[in-house]
Amino acid sequence: MKKLLLLLLFLGGVGLQFCYSQSQRLPIEKLIDVFNNPANYPNYIMISAHRGYWKDYPENSLPAIQAAIDLGADMIEFDITKSDDDVLYLLHDYGLDRLTTGHGIVRKGEGATFEYYKSWDELKNLKLKEVTGEASEYKLATLREALSMCKNKVLVSI
């Protein structure tokens, strides 16, 4: 299983690099049309970067998003949650330990019913971890920051 994941990670990076080297970025209006009308573009392969380009940067980080944009992704997928004081920010997990230098649970619940346990003030200075588990220089990003980075460049999947 680990070899398969590594192969997919490698192919994802190669796919993004191939996409970038083979074509120019489509204008955002054209990307929206491709997404909404795929039958009109039978030869277009839309590339989506899951949590950004996390091969070289922490997942769901601003540098991972920018790298995916620079490599030619058409769409960026990222995960959001909110702090107990209602700041929306990027984080996949229910806890902080795997992806950040922080500890503990940030949300708990199912469906649309969640309880949130950390304020943005407690979260904003945590460092994100690299795929290796080492702390990086990068911090959690707010949804506003991520959307600003993507605006008029790529589609967004949340």
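This structure is a prediction, so every number in the text was calculated from the model and none was measured.
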task = Test side-chain contact (heavy atoms from CB on, under 4.5 Å) on Leu62 and Tyr138 and set out the steps.
result = CA-CA 8 Å; Leu62 294 177; Tyr138 308 111; over 6 Å; no
query = Between Val156 and Leu147, is a side-chain contact (heavy atoms from CB on, under 4.5 Å) present by the stated rule, with each step listed?
reply = CA-CA 8 Å; Val156 172; Leu147 291 175; 4.1 Å; yes
query = Does the pair Lys139 and Asn125 meet the rule for a side-chain contact (heavy atoms from CB on, under 4.5 Å), with working shown?
reply = CA-CA 6 Å; Lys139 297 178 182 180; Asn125 292 317; 3.2 Å; yes
request  = Applying side-chain contact (heavy atoms from CB on, under 4.5 Å), run through Arg25 and Ile69 and close with a yes or a no.
outcome  = CA-CA 9 Å; Arg25 175 171 305 286; Ile69 292 169; 3.6 Å; yes
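Note that CG of Leu128 and OH of Tyr57 are 13.5 Å apart. Values are rounded to the nearest 0.5 Å. Taken from CD in Glu77 to OG in Ser48, the straight-line distance is 6.5 Å, to the nearest 0.5 Å. Once rounded to the nearest 0.5 Å, the distance linking OG1 of Thr101 with CG of Leu140 reads 8.5 Å. Separation of atoms NE2 (His50) and CG (Asn60) is listed at 8.0 Å; rounding is to 0.5 Å. The OG atom of Ser61 lies 10.0 Å from the CD atom of Glu137; values are rounded to the nearest 0.5 Å. Interatomic distance, Cys150 SG to Gln66 CD, rounded to the nearest 0.5 Å: 8.5 Å.
Side chains of Lys129 and Leu99 form no contact here, defined as non-hydrogen atoms less than 4.5 Å apart. Put simply, the side chain of Leu155 does not reach to within 4.5 Å of the side chain of Asp74, judged on heavy atoms.
Shown here for Ser83 and Leu123, the closest heavy-atom pair between the two residues is CB-CD1, 4.1 Å. Pro58 and Ala64 make their closest contact through O-CB, 3.3 Å (heavy atoms, listed as atom of the first residue, atom of the second, distance). The shortest heavy-atom contact between Val154 and Ala73 is CG1-O, 3.2 Å. Ile65 and Leu90 get closest at one heavy-atom pair: CD1-CD2, 3.8 Å. Counting all heavy atoms, side chain and backbone alike, Asp86 lies closest to Lys82 at OD1-NZ, 3.0 Å.
Between Asp79 and Arg51 there is a salt bridge, since at least one side-chain N of the basic residue sits less than 4.0 Å from a carboxylate O of the acidic one. A salt bridge does not link Glu130 to Lys55: none of the charged nitrogens lies less than 4.0 Å from a carboxylate oxygen.
In terms of hydrophobic clustering, with Ile, Leu, Val, Met, Phe, Trp and Tyr side chains grouped at heavy-atom distances under 4.5 Å, Ile28 and Met46 are assigned to a common cluster. With hydrophobic clusters built from ILVMFWY side chains whose heavy atoms lie under 4.5 angstrom apart, Met75 shares a cluster with Leu31. Taken together through direct or relayed side-chain contacts under 4.5 Å among Ile, Leu, Val, Met, Phe, Trp and Tyr, Ile158 and Ile76 form part of one hydrophobic cluster. Under the 4.5 Å side-chain heavy-atom criterion for grouping Ile, Leu, Val, Met, Phe, Trp and Tyr, Met149 is connected to Ile80 within one hydrophobic cluster.
No hydrogens or angles considered: a donor-acceptor pair under 3.5 Å links the side chains of Tyr41 and Asp33. No side-chain N or O of Asp121 forms a donor-acceptor pair with one of Ser119 less than 3.5 Å apart.
Annotation: Tyr117, atom OH; neighbour count of heavy atoms from other residues, nucleotides and ligands within 6.0 Å is above 12.
The cationic atom of Arg107 (NZ for Lys, CZ for Arg) lies less than 6.0 Å from the six-membered ring centre of Tyr94 and within 45° of the ring axis.
A donor-acceptor pair is defined here as one N or O able to donate and one able to accept, closer than 3.5 Å; no such pair exists between the side chain of Thr100 and the backbone of Lys127. At least one donor-acceptor pair closer than 3.5 Å links the side chain of Asp85 to the backbone N or O of Trp120. The backbone N or O of Arg144 sits less than 3.5 Å from a side-chain atom of Ser148, completing a donor-acceptor pair. Checked by atom type and distance alone, the side chain of Asp97 pairs as donor or acceptor with a backbone atom of Gly104 at under 3.5 Å. Although no hydrogens or angles enter the test, the distance criterion places no donor-acceptor pair under 3.5 Å between the side chain of Glu115 and the main chain of Lys108. Side chain of Thr81 to backbone of Leu91: no donor-acceptor contact under 3.5 angstrom is found.
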